[in-house]
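The structure under discussion is supplied below as structure tokens; questions concerning it will follow.
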Protein chains: 2
Amino acid sequence: MSHIEQLQNKNLKVTPQRLEIVDVLTHFGHINIDNLYKNLQSKFPTISLATIYKNLNTMQDKDFVCEVKIPHQKSVYEITKKKHSHVVCSNCNEIVDIEITTTKLTEEAKSLSGYQLDDSSIVFSGLCPECSK
Amino acid sequence: MSHIEQLQNKNLKVTPQRLEIVDVLTHFGHINIDNLYKNLQSKFPTISLATIYKNLNTMQDKDFVCEVKIPHQKSVYEITKKKHSHVVCSNCNEIVDIEITTTKLTEEAKSLSGYQLDDSSIVFSGLCPECSK
DNA sequence: CTAAATGCAAAGCATTTGCAAATAT
DNA sequence: ATATTTGCAAATGCTTTGCATTTAG
């Protein structure tokens, strides 16, 4: 499905700025506000941070984009996709997605806490292959 | 060990304000800046947010306090203790600590990502026993 | 006595809002 | 044609800084 269709499916008007935000998010996978801004400026020299904030907010409201909170770093944003976890390099900040099975751990957490749990946010930290050389 | 001794062990001067911050952190387990501020005002009507920020920052530098980033909420702070995970109620925001075994999951994450991992941050979300009634 | 902490005010960032003009549908 | 989006400027909110005074050790 094209990015245009993805936006239309969420009832988001397809503006050039918005489309480029989706392109950049898709290309980088995860990106923080500042880097998103920098990347958009090459194609849209007059784009404003307000536009980026507004777009990220409406996209989050429509559940098309989500924020990932990372320890000791600024939050990054990603296109909402199948539930997954994150691994972050504490040296170069590279982030990758991983699909791990959290069922057993969530069960453990449920019985230990007495909570009814339906979600989990997991971020592993360490060194990426490049930085651990 | 008393809170006074805990501060001294970290080379932190024992001021009344600082001691009360530790008392409040210990009492609540996890608290965000605003609520910490409100709680301190009863005992120190003229305490300033700057003092609280400065204290949390130096305490974090000394690894005596740490920040916990929670999805969809303001960060909370806690006294640094043995590694553990968190469970948060998405209705009343209550947070509890749990000790779960993350070894297997971390191994899985390592092999999937190719990263050398030495830390993980896990936050489960759901309803606390009270809110799920 | 010295270095650090406090509290105030000001400064510095980050994010949101209001609004006129432009644009998507 | 209408409702939404954009980009600017201003406003708001959050966190840090500078500094004179106070306090802990």
Side-chain angles (χ1 to χ4, degrees), chain A residues 2-25 31-62 64-77, chain B residues 2-25 31-62 64-77:
Chain A
S2 75
H3 293 164
I4 293 180
E5 289 170 309
Q6 287 184 282
L7 287 170
Q8 287 168 338
N9 283 349
K10 295 283 184 175
N11 293 312
L12 291 162
K13 285 194 177 182
V14 181
T15 67
Q17 292 86 338
R18 190 167 278 168
L19 195 51
E20 181 68 7
I21 289 175
V22 178
D23 286 353
V24 172
L25 283 174
I31 196 166
N32 68 28
I33 299 262
D34 299 335
N35 291 333
L36 180 55
Y37 184 43
K38 282 178 202 152
N39 269 278
L40 292 166
Q41 282 178 313
S42 52
K43 190 169 272 185
F44 303 97
T46 63
I47 198 169
S48 74
L49 268 172
T51 299
I52 295 177
Y53 277 109
K54 284 173 192 166
N55 271 306
L56 284 180
N57 286 339
T58 55
M59 284 166 157
Q60 284 182 87
D61 292 345
K62 306 251 179 181
F64 178 56
V65 159
C66 63
E67 179 183 1
V68 184
K69 293 197 179 187
I70 311 267
H72 314 118
Q73 285 191 42
K74 291 199 73 169
S75 288
V76 294
Y77 298 85
Chain B
S2 74
H3 294 163
I4 294 179
E5 290 170 310
Q6 288 184 281
L7 287 170
Q8 287 169 338
N9 284 348
K10 294 284 184 175
N11 292 313
L12 291 162
K13 285 195 177 180
V14 181
T15 68
Q17 291 86 341
R18 190 167 277 168
L19 195 51
E20 182 68 8
I21 289 175
V22 178
D23 286 353
V24 172
L25 282 174
I31 195 165
N32 68 28
I33 300 262
D34 300 335
N35 291 333
L36 180 55
Y37 184 43
K38 283 178 202 154
N39 270 278
L40 291 167
Q41 282 178 313
S42 52
K43 190 170 273 185
F44 302 98
T46 64
I47 199 170
S48 75
L49 268 171
T51 299
I52 295 177
Y53 278 108
K54 283 173 191 165
N55 271 306
L56 284 180
N57 286 339
T58 55
M59 285 167 156
Q60 284 181 87
D61 292 344
K62 306 252 176 178
F64 179 57
V65 159
C66 63
E67 179 184 0
V68 183
K69 292 196 180 187
I70 311 268
H72 315 116
Q73 285 191 42
K74 291 200 74 169
S75 287
V76 294
Y77 298 85

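In the text below, chain A, chain B and the rest are named by the order of the sequence lines, each starting its count at 1.
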Sugar-phosphate only, base, or nothing, as touched by B/Pro16 at under 4.0 Å among non-hydrogen atoms: sugar-phosphate
Which nucleotide in D/dG25, C/dT25, D/dT16 has an atom nearest any side-chain atom of B/Asn57: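 Minimum distance to the B/Asn57 side chain belongs to D/dT16.
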A/Leu12 vs B/Ile33, nearer the 5' end of DNA chain D by closest nucleotide: A/Leu12
Minimum side-chain heavy-atom gap A/Lys69-B/Ile70 below 4.5 Å: no
B/Arg18 (side chain) donor-acceptor with B/Asn55 (main chain) under 3.5 angstrom: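 No; judged by distance alone, with no hydrogens or angles, the pair does not exist.
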Side chain proximity check, A/Val76 to A/Ile31, heavy atoms < 4.5 angstrom: no
Whole-Å gap separating P (D/dC14) and OH (B/Tyr37): 12 Å
Selection from D/dA3, C/dA4, D/dG7 that lies nearest to any side-chain heavy atom of B/Lys13: C/dA4
Separation of D/dG13 C1' from B/Ile52 CD1 (nearest whole Å): 16 Å
Distance below 4.0 Å between A/Gln17 side-chain N/O and D/dG7 OP1 or OP2: yes
Student check: side-chain heavy atoms of A/Leu36 and A/Tyr77 closer than 4.5 Å: no
Nucleotide D/dT16, atom C1' - distance to CG of B/Leu56 in whole Å: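 Distance, rounded to whole Å: 13 Å.
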Rounded distance in Å - CG (B/Leu40) to P (C/dA5):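 Atom CG in B/Leu40 sits about 16 Å away from atom P in C/dA5.
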A/Arg18 CZ to C/dT25 P, straight-line distance once rounded to whole Å: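 Going from A/Arg18 (CZ) to C/dT25 (P), I get 10 Å.
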Integer-rounded Å distance: D/dT5 C1' and A/Lys62 NZ: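 Rounded to the whole Å, the gap is 13 Å.
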A/Ser75 versus A/Glu67, side-chain donor and acceptor atoms under 3.5 Å: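 The answer is yes; a qualifying pair exists.
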Residues touching DNA chain C, which here means a heavy atom under 4.0 Å, drawn from residues 65-73 of chain B: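 None, since no heavy atom is under 4.0 Å.
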Side chain proximity check, A/Val24 to A/Asn35, heavy atoms < 4.5 angstrom: no
5'-most by nearest nucleotide on DNA chain D - B/Lys74 or B/Lys54: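 By nearest-heavy-atom nucleotide position, the 5'-most residue is B/Lys74.
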Beyond-backbone contact of A/Leu56 with A/Ile33, side-chain heavy atoms, under 4.5 angstrom: yes
Rounded interatomic separation in angstrom, taking CG from A/Leu19 and P from D/dT4: 20 Å
Sugar-phosphate, base or nothing in reach of B/Thr51, heavy atoms under 4.0 Å: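 Base contact - B/Thr51 has a heavy atom under 4.0 Å of at least one base atom.
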Spacing between A/Ile21 atom CD1 and D/dT5 atom C1', to the nearest angstrom: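 To the nearest whole Å, that distance equals 11 Å.
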Side-chain N,O (B/Asn55) to OP1/OP2 (C/dT6) below 4.0 Å: yes
Phosphate OP1/OP2 of D/dT6: any A/Thr15 side-chain N/O under 4.0 Å: yes
